[in-house]
Asks: 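Got a structure here, written out as structure tokens. Questions coming.
Everything numeric here is computed off the predicted structure, so don't read it as measured data. Remember, it's 1-based here, ligands and their atoms both numbered in the order they're listed. Each residue takes its place number in the sequence, starting with 1.
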Amino acid sequence: MKMTFRWYGSQYDPIPLKYIKQIPGMTGVMGLLEKPAGIEWPEDEFIKLKEEVNEAGLEIEIIESVNVHEDIKTGLPSRDHYIENYIKTIRMLAKHGVKVIVYNFMPVFDWLRTDLARVIPEDGSNSLYFNEEDLGEMGPIEIVERTAKGSGSFTLPGWEPERLSKLEFTLKQYEDVTPEDLRNHYKYFLDAVIPVCEEVGVKMACHPDDPAWPIFGLPRIAHSQADFDKIVKLHDSPANTLCLCTGSLGSNPENNIPEIIRHFGEMNRISALHVRNVKYLGYRHFREAAHLSAAGDLDMYEIMKAIFETCPDTYVRPDHGRMIWDEKGRAGYGLFDRALGATYLNGLWEAIDKTKK
Ligand code: DNO
């Protein structure tokens, strides 16, 4: 396992790299460039990012959020142009030592919450929160406006301004797209990019739908073990893998996370993990919790054990943290609670490792 930390680059992330380096056991960042979906990532900007990260004593072998353009997901003729750009980005990243690219195939939205800073009554911290009932009243445009307002001055992953400015148009594009169509468009994309990944030694890692069910009537095809069984077969290759996000899949209590990790770990199809905990509050109603098992409803020991036993050579990062100790920052991506999370996950790992010996 390589423990990493999502980092947005010095221009956008208030957390200095040296703080990340000071978290025990941290090997690198899951980095990204904040770019609109569909463009070819500029090599000079990536080189600058990599140099900065390496100078801080950290690695950048895994990249997140190389976003897939909506025209690819909706299967428009213009998709070929965007796929070409995607391939150029894969080649460029591979050239600079990147081994894994995390992306998602969710229509329109990346992740969705109804509150970015819900106070946790027990301790006064706050975390991301979702209640399906609130969505009923709000509708997509309203929720986006509310999320943008709640995010302070930060861009949230998957909620980039370029994407949101076209929201109404994009929602319309999906009116006739069925889950089966979306899967076909996904196959078209994978058929084009996976052979390139095989050639250059990169793995594509698909992030699950978050939350793990369809929203706003949009087709969603990546939120259960059965869904991912289909995805890995769409283009059957060791380069077609998952970024298993325990909190995204875990938002639905029907998903047994340790079991899903074992299933795909044994197939050698997990190349990255986002590890966090969720507290269930009712039907399609949850908040994000501290990483500690007792703070939520996921069993982090069983999760780390499943990783240890079936896919120990993956990149892991603590996922969304609560806002604690009066930290001000990007919702879910503050320093303190994620650092606690990383330390706790490393502790579990050490205990599992020593027990085995
Ligand atoms: C959210 C992140 C996601 C993830 C993307 C990958 O907090 O985990 O935005 O990076 O879905 O494309």
Asks: Tell me whether the rings of F105 and F189 are parallel (<30°), tilted (30 to 60°) or perpendicular (>60°).
Replies: tilted
Asks: Would you please indicate yes or no on a ring centroid separation below 6.0 angstrom for F336 and W325?
Replies: yes
Asks: Determine the interplanar angle of the F109 and F216 rings, folded into 0 to 90°, and report it as parallel if under 30°, tilted if 30 to 60°, perpendicular if over 60°.
Replies: tilted
Asks: Which of the atoms in ligand 1, numbered in the order shown and given with their element, are less than 4.0 Å from a heavy-atom of H274?
Replies: 8 (O)
Asks: Heavy atom under 4.0 Å from ligand 1: found in D110's side chain, backbone, both, or neither?
Replies: side chain
Asks: Looking at non-hydrogen atoms alone, which of Y333, F109, W111 comes nearest to atom 7 (O) of ligand 1?
Replies: Y333
Asks: Is there a heavy atom in M30 that sits closer than 4.0 Å to ligand 1?
Replies: no
Asks: Could you tell me, atom by atom, which parts of ligand 1 come under 4.0 Å of a heavy atom of E64?
Replies: 4 (C), 10 (O)
Asks: If you round to the nearest 0.5 Å, how far is NZ of K305 from CG of D353?
Replies: 13.5 Å
Asks: Classify the ring geometry of F264 against F228: parallel below 30°, tilted from 30° to 60°, perpendicular beyond 60°.
Replies: perpendicular
Asks: By number and element, which atoms of ligand 1 are closer than 4.0 Å to a non-hydrogen atom of H320?
Replies: 1 (C), 7 (O)
Asks: Please report whether ligand 1 has a polar contact with D319, defined as an N or O pair separated by less than 3.5 Å (distance criterion only).
Replies: no
Asks: Examine the proximity of ligand 1 to R317 and report which part, side chain or backbone, both or neither, has a heavy atom under 4.0 Å away.
Replies: side chain
Asks: Does even one non-hydrogen atom of S65 get within less than 4.0 Å of ligand 1?
Replies: yes
Asks: Check the pair Y333, H320 against side-chain hydrogen bond (donor to acceptor under 3.5 Å, both in side chains), reporting the backbone distance first and the verdict last.
Replies: CA-CA 6 Å; Y333 286 98; H320 308 169; 3.3 Å; yes
Asks: Excluding sequence neighbours, so at least two apart, what forms salt bridge (Lys or Arg N to Asp or Glu O under 4.0 Å) with D123?
Replies: R322
